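Single-structure report; data block below.
Just so you know, these numbers come straight off a predicted model, no measurement behind them. Lettering of chains follows the sequences in order, A, B, ..., and the numbering in each one begins at 1.
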Protein chains: 2
Amino acid sequence: MTIKEIAKLANVSLGTVDRVIHKRGKVSKKTEEKVSAIIKKVNYQPNIYARGLVLNKSYDIIALVPSFVEGEYWEMPSKGIKMAEKNLSKFGIKLEILYFDQNSVPSFIEKADELIKLKPDGVILAPVINFEAAKLTKKLEKANIPFSLIDSNIPNSNALSFIGQDAFQSGKLAAKLMCSEIKAQGTISIITIKNNENHNKTLQQRIEGFKDYIYNSDFIADISLTENNIHLGSANWEECLTQACNPDNDTVGIFVPSSMIHYVAKCIESNVDTMGNIKLIGNDLIANNVKYLKKGIINYLIGQRPENQGYLALESFYKHLVLEKQVPSEKYLPLDIITQENLMYYNDDDVVSM
Amino acid sequence: MTIKEIAKLANVSLGTVDRVIHKRGKVSKKTEEKVSAIIKKVNYQPNIYARGLVLNKSYDIIALVPSFVEGEYWEMPSKGIKMAEKNLSKFGIKLEILYFDQNSVPSFIEKADELIKLKPDGVILAPVINFEAAKLTKKLEKANIPFSLIDSNIPNSNALSFIGQDAFQSGKLAAKLMCSEIKAQGTISIITIKNNENHNKTLQQRIEGFKDYIYNSDFIADISLTENNIHLGSANWEECLTQACNPDNDTVGIFVPSSMIHYVAKCIESNVDTMGNIKLIGNDLIANNVKYLKKGIINYLIGQRPENQGYLALESFYKHLVLEKQVPSEKYLPLDIITQENLMYYNDDDVVSM
DNA sequence: ATTAAGAATGTGTACGTACACATTAAAAAC
DNA sequence: GTTTTTAATGTGTACGTACACATTCTTAAT
């Protein structure tokens with residue numbers, strides 16, 4: 001059903017139908033109603049090819065995400081964003097990725113300023129530096145530039161879309177798995193490993209979820225819970241870590257609420273005779289973690305589909321700008337439980353093919 | 001970069017460039033080489049809007065899948081296929097779904113004949129009735145109609161694409177989870193529940209995977225393994241099931257290699273005092289199973305993203321017919337481990353949004 | 001040298017939409 | 001009743017591609 005046919009049905013010209021569809025005015029009330037009725041009746045759907053051809057718009061989307069070295073967590077969201085660009089560039093979605101150092105506030109500010117100057121049509125933002133990210137969203141709002149958030153949310157930010165995880169629930173899930181694995185009484189250790197002093201909301205929420213589950217489980221009688229922080233910047237962090245892993249020789253499980261769990265895994269591996277039975281649960285399917293999962297040193301990894309997060313973020317702009325469809329304001333991705341037995345189908349390069 | 005610009009660069013007309021691009025011949029070798037070189041150099045990508053507009057082709061895809069009543073497994077692949085149609089119809093992908101009764105070979109044959117008569121441009125086939133499905137694929141091949149398989153594969157069928165699961169690995173995963181959950185020695189029971197006598201390859205592979213894991217685990221010393229079949233057609237199936245659940249009063253876990261596990265869950269629920277501690281693991285996130293997972297009667301469900309399977313199957317034709325891209329010949333979806341703690345984000349209606 | 005046949009190349013139209021511009025009809029001003 | 005203004009409606013062109021058809025250029029046959 002085309003505009004032409006509608007025009008014929010309504011006994012008016014193409015131009016009139018066009019004005020009605022786009023609400024450009026300059027149509028008498030009578031004909032407006034007549035045409036609208038027909039449009040509704042025949043369920044007119046614009047031909048996206050013709051539309052795309054004549055508009056021939058392109059949209060510049062800028063993603064502002066943490067930089068990474070190969071194998072680090074933030075490689076995965078970036079990968080997803082790039083994959084989406086490959087699929088969507090033919091629809092006029094152009095992408096530029098700006099990387100900031102997540103351990104450096106000035107680096108974020110610099111890139112944020114650069115972003116604003118480029119006047120993009122849309123922004124994908126990973127608000128890992130919370131406060132500064134919130135400031136940027138205010139600026140974007142003022143400049144009327146839509147933005148989507150990935151990884152973590154900024155409540156009440158008026159984002160086009162948030163795509164991420166439920167970190168609290170992720171922690172609960174980790175605790176549940178830990179409780180399933182542990183067969184004896186002892187100590188469960190929560191170890192946080194960071195290379196900066198920034199407050200990380202995601203880590204905190206995972207820890208809270210973990211503790212929430214443990215405190216409410218039947219296991220609480222048999223276990224004690226300890227928390228440790230390791231700072232990778234400090235000189236003796238390796239000693240500290242080894243010490244934290246099994247201080248009283250009764251540690252039965254360790255939870256690392258981040259992708260840094262491979263550091264613990266490595267430590268356990270080199271002390272396998274004393275620590276070999278400790279159950280290890282952490283987050284994210286990065287290469288280093290996968291290695292230890294395959295070896296059986298890490299028992300479970302929890303994933304939140306970071307590639308998908310990136311993919312969906314760019315796709316949200318395609319839906320919003322190209323298709324002019326409504327996009328869901330929040331999308332929580334599933335918390336995947338990954339173990340030796342199902343690893344191979346998560347580790348696929350093509351998880352984002354949809 | 002358009003054909004027009006290429007024509008200008010090559011000092012030829014649009015028609016000549018067009019002939020070169022589509023290899024229609026009637027171009028002298030010299031100009032053909034000149035134009036080809038330019039096309040390659042400027043990395044010409046056809047404008048999909050203009051292309052789509054002028055071709056204005058539509059493709060009739062027919063899906064041949066098992067019928068279902070609400071809440072049954074096969075509702076999910078159908079849902080995914082329909083969701084894909086919603087997204088892809090604007091690109092000319094038209095869908096018709098034919099349903100057959102998976103307990104009736106004649107019903108399959110009837111629908112298959114109907115399908116062939118409709119001369120579709122592509123077919124999505126769920127080959128649950130193996131032998132007849134294979135016959136259909138031969139016919140389709142002869143008629144030069146591409147087809148994609150979902151759920152289970154037909155080896156060497158020359159399908160455009162197979163989208164499904166690794167059933168053997170699914171069984172192994174179930175066994176791994178069972179071993180994590182079980183704290184005492186006793187019997188693990190594999191219960192198959194069917195309402196027909198057809199051989200079901202998927203069930204068989206899951207069982208084999210399950211046994212493979214158990215036999216190779218440290219647990220084998222502490223447990224014994226039994227197998228039971230329940231036929232829902234028989235008059236006394238409920239008695240049989242109750243009997244099978246805990247025959248020697250030492251059952252510690254039950255594995256049902258299908259979505260039928262809710263029958264077992266119901267049985268356990270009504271005998272909670274004697275069977276309350278039995279661990280339950282089964283497949284598929286259908287409503288009935290979710291109910292018992294939430295209640296804590298089912299401990300784990302293993303999912304293989306049936307909606308995604310359906311979605312990807314239709315999308316494979318979009319990629320093949322509309323975008324003329326190569327599609328992967330096999331796609332194994334991840335085996336999701338679902339438990340109370342991560343259920344909510346899998347049970348989302350919108351799992352297929354990508 | 002002229003013509004016919006065939007190869008090579010060029011031109012024109014259509015697809016459905018958006019938007020600028022042209023035209024006509026109606027109402028207001030004189 | 002004529003002119004001016006404004007509202008309403010109609011027309012034409014462009015987007016980039018595919019394909020039918022028209023034209024020009026070669027080459028061989030007469």
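Side-chain atoms of A:Ala50 lie closest to C:dT17 of the nucleotides D:dT17, C:dT17, D:dC21. Of the candidate nucleotides D:dT17, C:dG10, C:dC19, C:dC19 has the atom lying nearest to any side-chain atom of A:Leu55. Comparing atom distances between the B:Arg19 side chain and each of D:dG16, C:dG10, C:dT17 picks out C:dG10 as nearest. Which of C:dG10, D:dT17, C:dC15 sits closest to the side chain of A:Lys4 comes down to C:dC15. In the set D:dG10, C:dT17, D:dT17, the nucleotide with an atom closest to the side chain of A:Val12 is D:dG10.
Nucleic acid contact class of A:Asp18 (heavy atoms, under 4.0 Å, all strands): base. Using a 4.0 Å heavy-atom cutoff across all strands shown, B:Ile3 reaches sugar-phosphate atoms only and no base atom.
Remark: P of D:dA18 and CG of B:Asn47 are 10 Å apart, rounded to the nearest angstrom. Note: CG (B:Leu14) to P (D:dA22) measures 18 Å, nearest angstrom. Straight-line distance from the CZ atom of A:Arg24 to the C1' atom of C:dT17: 10 Å, rounded to whole Å. Going from atom NE2 of B:His22 over to atom P of D:dG16 covers 16 Å, rounded to whole Å. Atom C1' of nucleotide D:dA18 and atom CD of B:Glu324 are separated by 13 Å, given to the nearest angstrom. Rounded to an integer number of Å, the gap from B:Asn56 CG to D:dC15 C1' is 16 Å. We find that NZ of A:Lys23 is positioned 13 Å from P of C:dA18, with the value rounded to whole Å. Nucleotide C:dG16 holds its C1' atom 12 Å from the CD1 atom of A:Ile48, rounded to whole Å.
Using modelled atom types and a 3.5 Å distance limit, the side chains of A:Ser148 and A:Ser316 yield a donor-acceptor pair.
B:Gln309 places a side-chain N or O within 3.5 Å of a backbone atom of B:Gln304 that can act as its donor or acceptor partner. Judged by distance alone, with hydrogens and angles left aside, the side-chain atoms of B:Asp60 form no donor-acceptor pair with the main-chain N or O of B:Lys94 at under 3.5 Å. With hydrogens and angles ignored, the 3.5 Å screen pairs no side-chain donor or acceptor of A:Ser78 with any backbone N or O of A:Glu75. Checking side-chain atoms of A:Lys34 against main-chain N and O of A:Ala10 turns up a donor-acceptor pair under 3.5 Å.
The aromatic ring centres of B:Tyr318 and B:Phe91 sit less than 6.0 Å apart.
Phosphate contact (OP1/OP2 of D:dA18, side-chain N/O of B:Arg51, threshold under 4.0 Å): present. For D:dG16, neither phosphate oxygen OP1 nor OP2 lies less than 4.0 angstrom from any side-chain nitrogen or oxygen of B:Tyr44. Remark: B:Thr16 is in phosphate contact with C:dG10, judged by side-chain N or O atoms under 4.0 Å from OP1 or OP2. OP1 and OP2 of D:dG16 both lie 4.0 Å or more from every side-chain N or O belonging to B:Thr2.
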Q: Just do the side-chain hydrogen bond (donor to acceptor under 3.5 Å, both in side chains) check on B:Asn87 and B:Tyr311 with the steps written out, would you?
A: CA-CA 10 Å; B:Asn87 286 345; B:Tyr311 192 102; 2.9 Å; yes
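Residues from residues 26-41 of chain A placing a heavy atom under 4.0 Å of any atom in DNA chain D, listed by number, are A:Lys26, A:Val27, A:Ser28, A:Thr31.
The side chain to side chain contact (heavy atoms under 4.5 Å, CB included) test with A:Phe317 is passed by exactly one of A:Leu160, A:Asp121, A:Val327: A:Leu160.
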